[in-house]
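See structure below.
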Amino acid sequence: MACAIYPGSFDPVTRGHLDIIRRAAKMFDELTVAVLNNSEKTPLFSVDERVNMLREVCEEIPNVKVDSFSGLTVDYAQQQGAVIIRGLRAITDFEYELQMAQTNRKILPSVDTVFLTTSLEYAYLSSSIVREVAAYGGDIQEFVPAYVAQKVYAKLETKKHGQ
Ligand code: ADP
């Protein structure tokens, strides 16, 4: 069985991520979207909240499951017997992603990285742009599924009231 993992922060999942998920799911028997539990970042959503949002928006794609992990992505990929999927939006992504993929191959040569280029309509999109636009009261419906937009606004409202 050909398995892949699609690791990332997904804080929150965007339509750009979903595009990669749908396309990767067609290429592999099983795709695991894996939320990285990275203690160095201060996320808007907890890992559990991100996992739950991903499960909700990926529900209709049968061969996709959602998980979280800590530690090295290559170790997690090897445990799953999977290749790593990453999305490339621009040349600026490429420099970092190439370095990451080469480092990962150095650590564990058996784990490959597969790059999918972003659909042009989502090339500008990032989770940080979504968080920023929403924080200033902008409309994010075009960037994320309606379910996610609602969660983002609710979370920002909770944060505003210091909860
Ligand atoms: P990370 O913090 O690991 O970069 P992200 O959640 O920002 O996590 O991104 C996860 C993966 O999705 C990365 O490979 C990234 O390049 C890709 N990605 C991010 N935004 C988009 C987008 N708009 N279209 C396609 N791929 C994207």
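All ligand and atom numbering here is 1-based and tracks the order in the structure.
If you look at R15 next to ligand 1, there are no close heavy atoms at all, none under 4.0 Å. The proximity of P7 to ligand 1, defined as any non-hydrogen pair under 4.0 Å, is limited to the backbone. Contacts with ligand 1 closer than 4.0 Å are made by no heavy atom of Y124, backbone or side chain. When heavy-atom distances to ligand 1 are checked against a 4.0 Å cut-off, I20 comes that close only through its side chain, counted from C-beta outward.
Summary of contacts: the protein heavy atom closest to atom 14 (O) of ligand 1 is G87 N, 2.9 Å. Looking at atom 17 (C) of ligand 1, its nearest protein heavy atom turns out to be Y6 OH, 3.5 Å.
For atom 2 (O) of ligand 1, the choice among S9, S126, P43, A123 with the nearest heavy atom turns out to be S9.
Inclusion of L88 in the set of residues having an N or O under 3.5 Å from an N or O of ligand 1 is not warranted. Residue T118 places at least one N or O, backbone or side chain, under 3.5 Å from an N or O of ligand 1. By the 3.5 Å distance cut-off applied to N or O atoms, H17 is counted among the residues near ligand 1.
In summary, the atoms of ligand 1 found under 4.0 Å from a heavy atom of Y122, numbered by their order in the structure, are 22 (C), 23 (N). The ligand atoms of ligand 1 that sit less than 4.0 angstrom from a heavy atom of G16 are 22 (C), 23 (N), 24 (N), 25 (C).
The hydrophobic clustering, which links ILVMFWY residues whose side-chain heavy atoms are closer than 4.5 Å, places V144 and I61 together.
Between Y76 and F69, the two ring planes are parallel [angle under 30°; tilted spans 30° to 60°].
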